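Nothing here was measured: the structure is a model prediction, and the numbers come from that model. Chain A is the first sequence line, chain B the second, and so forth, proteins listed ahead of strands; every chain is numbered from 1.
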There are 2 protein chains.
Amino acid sequence: MAVSIYKVAEVAEVSPRTAYRALNNEPHIHPQTRRRVLEAARRLNYQPNIHARNLVLQKTNTIGIIFPDSRNPVFGEFANFIDRRARSRGYDCYFLHSEGEPDREAKFLNLVFYSSVDGLIVFPNFLDVNRELYSQLIVNRIPLVLRGGPELLLGVDNVTLDLERAGHLATRHLLDLGHTHIGILNSKFAMGHLPGRIVGYQKAHQEKGLPVHPAYQIDCGHRLEDGYRAIGELLARQPQITALFCHNDYLALAAFRVAREMNRRVPHDLAVVGLDDIELGQYCEVPLTTVSHMKVQEAETLVDLLCDRIETPDHPPRRVVLKPELVVRESCGVHLARG
Amino acid sequence: MAVSIYKVAEVAEVSPRTAYRALNNEPHIHPQTRRRVLEAARRLNYQPNIHARNLVLQKTNTIGIIFPDSRNPVFGEFANFIDRRARSRGYDCYFLHSEGEPDREAKFLNLVFYSSVDGLIVFPNFLDVNRELYSQLIVNRIPLVLRGGPELLLGVDNVTLDLERAGHLATRHLLDLGHTHIGILNSKFAMGHLPGRIVGYQKAHQEKGLPVHPAYQIDCGHRLEDGYRAIGELLARQPQITALFCHNDYLALAAFRVAREMNRRVPHDLAVVGLDDIELGQYCEVPLTTVSHMKVQEAETLVDLLCDRIETPDHPPRRVVLKPELVVRESCGVHLARG
DNA sequence: CTGAAAGCGCTAACAT
DNA sequence: ATGTTAGCGCTTTCAG
């Protein structure tokens, strides 16, 4: 059916070996012959069968990236940056979304065993549920880089944002603006993410000598509707809250609608700070103040750690912790405070 | 390195053929033997090498989906629905983003020739630039489904939204609310999309006996910043405009920020209608009135056409045109008009 | 500079 | 019920 290297060789009247030499820029071939082969290949629109190649080379030059969710635009941005870096290192990307289903995550983790990809970058959601599978990857020394999470899985390359700092930056900003009743959203997933952010939130309060109210925290799923519901509930129960720290920008966007429905204006009657710095945050009605996720740097580090691991499997594991920065825009009303 | 079926056979003390029978639920095998093989496979964590399999079967059970852009969340939603349907038909999905670069689109189109995927669903951006490559796909009878676009490429399965109807629905809605100066954004890409929407926009005006002002149209790229700039420019030049029809919801979101910066309130001083019905449109500060893209149905049709084509290559090509519906929320202020 | 031949791991036609 | 064997298309060792 498809045109193979044998067909090209036949048309060019050479052996497959010679055709191969021409097609792969190997030396020791007469320029004339090379031209004949390339011409035949072009005419036949020859494309090497990638499965045959991967089968013999035992390598795919493809990496898999497992995201938790396809709705949150932050992962689209990550995908972009990861793809760019991977490409420059000679790898293609296979993007996968577990969509909150442990089974899908598991299925994707198994891809490496099918030899589909040379390694995996995982934004894990179900480190606990799929614990056994993760250990299996580690035992088999599969190239793997985890994004986020604490140092649970020893021996695995890891890149994380300093979430304590993120929580601290966001909270201190709000405290500095005079807020004393600050609500905070907690992710249900992403083990280890919660503690960091909360610790930073608490420390910032302590530094100002202010109390932390447990009732100002609320658990929240990762879907927009979850954010909408959780924020509505929190503000209804604790109307004295004047500021909100959301654990991602996507969810923070839902806060705007909640505020409007409660006849509160952002930032005047409700300050909002997010986390991630998604593109939309710049262009929504009230540009969003947020803690930046250092996405470009994070993406590059993830790719580099993985490719290094693939190419030299035997170096010691690394853990890279990135320092987030506060991006002040308008959703906390600095301009008001100044006036 | 990796464990092959030969290794499993060896451990289970049977021939590879028998191991194969056990692992693939073939009949004619003693239950006892089957159990022994499966047990060995489990112990060794055997996973069939997918490249060897694809090589011999000449089939991957994978389809490629080429999107134009990874930023616009609408494609994340499409990905989700496409994935669900494909899965139920026994195919995995390989999602790709051309990111506004013709070369990337071209590269991805070539994937079929590498036998990487069994067929392609394309949201084309560069039908013109890559014309030759598209013809090559068609000549070689590669399973291909195009989303959108007019009947440019004959003989290719195609699913499209009735964009004339979309333009008409949006415009009539605004006219019915009393707007007579309606701005409209034009996509630079997506040949054929423009005419439909504009025709509907014009027809709606004609039906009311109202003139169409060419100066109310403005070209606009697909990035958020393009929308922000274009909308700002349009409203600055034509301040009498009181309503805006954006060719997608993502861009429409930028209108909110522009409005705020011009001290106009949405919907009071500026009505906005989008196209796509993305999830965010429901949860942004002023829930967005939009024309729905029928994404679930569209995704299912795309997958079905492609899978049908893969499985029975010889039926005549089909073109499916979907009817969009208006989704009225608050960004055009119906509730105000009623008052 | 060119070619013959084996092998990657799986599948399947054909024995036994 | 089980086994032998060839072949998918590419890469590569080894000869010429």
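The residue among Pro27(A) and Arg21(B) whose nearest nucleotide of DNA chain C lies closer to the 5′ end is Pro27(A). Both Val56(B) and His30(A) lie close to DNA chain C; mapped to their nearest nucleotides by heavy-atom distance, the more 5′-ward contact belongs to His30(A).
At the phosphate of dG9(D), OP1 or OP2 sits under 4.0 Å from a side-chain N or O atom of Gln58(B). The shortest distance between the side-chain N/O atoms of Thr18(A) and the OP1/OP2 oxygens of dC1(C) is not below 4.0 Å. Side-chain N/O atoms of Thr33(B) include one lying less than 4.0 angstrom from OP1 or OP2 on dT2(D). Phosphate contact (OP1/OP2 of dT11(D), side-chain N/O of Arg53(A), threshold under 4.0 Å): present. At the phosphate of dT2(D), neither OP1 nor OP2 sits under 4.0 Å from any side-chain N or O atom of Ser15(B). Proximity of Arg17(B) to the phosphate of dT4(D): no side-chain N or O atom is located under 4.0 Å from OP1 or OP2. Regarding contacts with the backbone of dC1(C), every side-chain N or O of Tyr20(A) stays at 4.0 angstrom or more from both OP1 and OP2. Phosphate proximity of dC10(C) to Tyr46(B): present, with a side-chain N or O under 4.0 Å from OP1 or OP2.
More than 12 heavy-atom neighbours from other residues, nucleotides or ligands sit within 6.0 angstrom of CZ on Arg87(B). More than 12 heavy atoms of other shown residues, nucleotides or ligands fall within 6.0 angstrom of atom CD in Glu39(A).
Residue contacts shown for His28(A) include a base, since a base heavy atom lies under 4.0 Å away. When heavy atoms are screened at a 4.0 angstrom cut-off, Leu55(B) is found touching base atoms of the nucleic acid. In this structure, Tyr114(B) reaches neither bases nor backbone, as no heavy-atom distance under 4.0 Å exists between it and the strands shown. Contacts of Ile50(A) with the nucleic acid, taken as non-hydrogen atoms under 4.0 Å apart, are absent.
Closest approach of Thr62(B) to Tyr91(B), counting heavy atoms only: N-CD2, 3.9 Å.
Between Phe75(B) and Phe123(B), the angle of the ring planes goes over 60°, which puts this pair in the perpendicular group of the 30/60° scheme.
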Q | Derivation of the side-chain hydrogen bond (donor to acceptor under 3.5 Å, both in side chains) call for Asn80(B) and Ser70(A) | A | CA-CA 7 Å; Asn80(B) 224 294; Ser70(A) 63; 2.7 Å; yes
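Here the C1' atom of nucleotide dG9(C) and the CG atom of Asn24(B) are 13 Å apart, to the nearest Å.
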